[in-house]
Amino acid sequence: MNAPSSTYGLSREARNLHWLLANLVEEVPGVRSVVVVSTDGLMLLSSDTRHHAAAAAADPSVQDGPKGSSADLATIVSGLGSLTLGAAKLMEAGVVKQTMVAMDEGSLFVMSISDGSLLGVHATPDCDMTVVAYHMALFVGRAGHVLTPELRNELRRSLEHAQ
């Protein structure tokens with residue numbers, strides 16, 4: 001699989017993260033959309049919703065995320081991450097590793113990345129939750145050690161230019 005064309009001009013690490021994210025969306029059954037959010041709540045990476053938006057226009061039954069927006073998913077992931085972090089502190093339960101919300105029409109997974117960033121996945125209600133969680137853990141394991149402050153800044157800048 002090749003990195004998306006939107007990664008032209010990015011560092012090797014940034015291209016690899018884009019590839020990992022695209023792979024998660026394309027290879028894991030039931031995954032609708034994926035975001036990576038920084039500790040301060042800013043979106044760093046998102047699954048490409050442009051081609052999903054075109055598919056949704058052609059077929060209204062196609063849904064790739066909350067209202068089809070990666071920004072909405074990033075906001076939800078950031079808020080849920082903050083809420084669970086606060087709960088863990090109050091309960092003196094240590095670090096939050098993963099949060100999962102099962103709903104009638106979908107599932108939401110949030111997993112901590114080693115630098116404090118969060119990986120969020122919106123999936124179909126019939127997804128295999130263990131498969132989604134496993135692939136999220138693979139992403140976190142591969143991405144966590146490369147998300148340096150410099151790379152986070154590069155990813156933020158690339159998202160700003162894409163809009």
Side-chain angles (χ1 to χ4, degrees), residues 4 16-57 59-147 151-152 155-156 158-159 162-163:
N16 285 341
L17 286 179
H18 277 277
W19 181 85
L20 285 170
L21 186 92
N23 193 48
L24 180 61
V25 173
E26 293 173 13
E27 299 297 323
V28 181
V31 170
R32 290 179 170 163
S33 59
V34 181
V35 295
V36 175
V37 181
S38 67
T39 55
D40 54 1
L42 296 175
M43 185 167 47
L44 299 176
L45 287 169
S46 71
S47 54
D48 185 10
T49 57
R50 283 172 281 182
H51 74 277
H52 294 300
D59 180 1
S61 68
V62 173
Q63 292 181 334
D64 69 330
K67 297 187 181 178
S69 168
S70 293
D72 290 342
L73 181 58
T75 301
I76 293 165
V77 167
S78 180
L80 188 58
S82 180
L83 180 65
T84 56
L85 179 64
K89 284 182 182 178
L90 283 172
M91 296 177 185
E92 298 177 354
V95 177
V96 177
K97 296 177 183 177
Q98 181 178 356
T99 305
M100 199 280 300
V101 179
M103 300 166 280
D104 286 342
E105 299 300 322
S107 299
L108 174 64
F109 301 83
V110 179
M111 191 173 283
S112 297
I113 301 176
S114 63
D115 72 330
S117 298
L118 299 169
L119 172 64
V121 172
H122 179 223
T124 60
D126 60 344
C127 72
D128 186 331
M129 293 179 187
T130 58
V131 171
V132 173
Y134 172 76
H135 284 277
M136 288 177 71
L138 288 177
F139 180 96
V140 166
R142 293 174 180 154
H145 67 283
V146 298
L147 270 173
L151 184 56
R152 287 192 300 271
L155 292 169
R156 282 186 195 137
S158 72
L159 274 178
Q163 295 175 355

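Computed from a predicted structure; not experimentally measured. Note: hydrogens, waters and symmetry copies are ignored here, and every other heavy atom, side chains too, is used.
Between Val35 and Ser46, the closest heavy-atom pair is CG1-CB, 4.0 Å. In terms of heavy atoms, Pro125 sits closest to Ser107 at CA-OG, 4.3 Å. Nearest heavy-atom pair, Phe139 versus Leu21, reported as atom, atom and distance to 0.1 Å: CE1-N, 3.6 Å. Smallest separation of non-hydrogen atoms from Ser117 and Val36: CB-CG1, 4.4 Å. Among all heavy-atom pairs drawn from Cys127 and Pro29, the shortest one is CB-O, 4.1 Å. Taking each heavy atom of Gly106 and Arg32 in turn, the nearest pair found is CA-NH1, 4.3 Å.
Ser47 places a side-chain N or O within donor-acceptor distance of the main-chain N or O of Val34, the cut-off being under 3.5 Å. Side-chain atoms of Arg152 never come within 3.5 Å of backbone atoms of Leu44 as a donor-acceptor pair (strictly under, hydrogens ignored). Distance alone, capped at 3.5 Å, is enough to place a donor-acceptor pair between the Ser112 side chain and the Val96 backbone.
To the nearest 0.5 Å, atoms CG (Leu73) and CG (Leu108) are separated by 6.5 Å. In this structure, the separation between CD1 on Ile113 and CE on Met136 is 8.5 Å, given to the nearest 0.5 Å. Interatomic distance, Asp72 CG to Met43 CE, rounded to the nearest 0.5 Å: 9.5 Å. Here the CG atom belonging to Leu45 is positioned 11.5 Å from the CZ atom belonging to Arg156, to the nearest 0.5 angstrom. Here the CG-CG distance, from Leu138 to Leu20, works out to 9.5 Å after rounding to the nearest 0.5 Å. To the nearest 0.5 Å, atoms OG (Ser78) and CG (Asp40) are separated by 8.0 Å.
You'll find the side chain of Leu159 stays beyond 4.5 Å of the side chain of Leu155, heavy atoms only. At least one side-chain heavy atom of Met129 sits under 4.5 Å from a side-chain heavy atom of Met100.
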Using a 3.5 Å cut-off and no angle test, enumerate the donor-acceptor pairs between side-chain atoms of residues 80-93 and protein atoms at least two apart in sequence or in another chain.
residue: Thr84; atom: OG1; partner: Leu80; partner atom: O; Å: 3.1
residue: Thr84; atom: OG1; partner: Gly81; partner atom: O; Å: 3.1

Practice item. Check the pair Val37 / Val110 against side chain to side chain contact (heavy atoms under 4.5 Å, CB included), numbers first and verdict last. Key: CA-CA 10 Å; Val37 181; Val110 179; over 6 Å; no
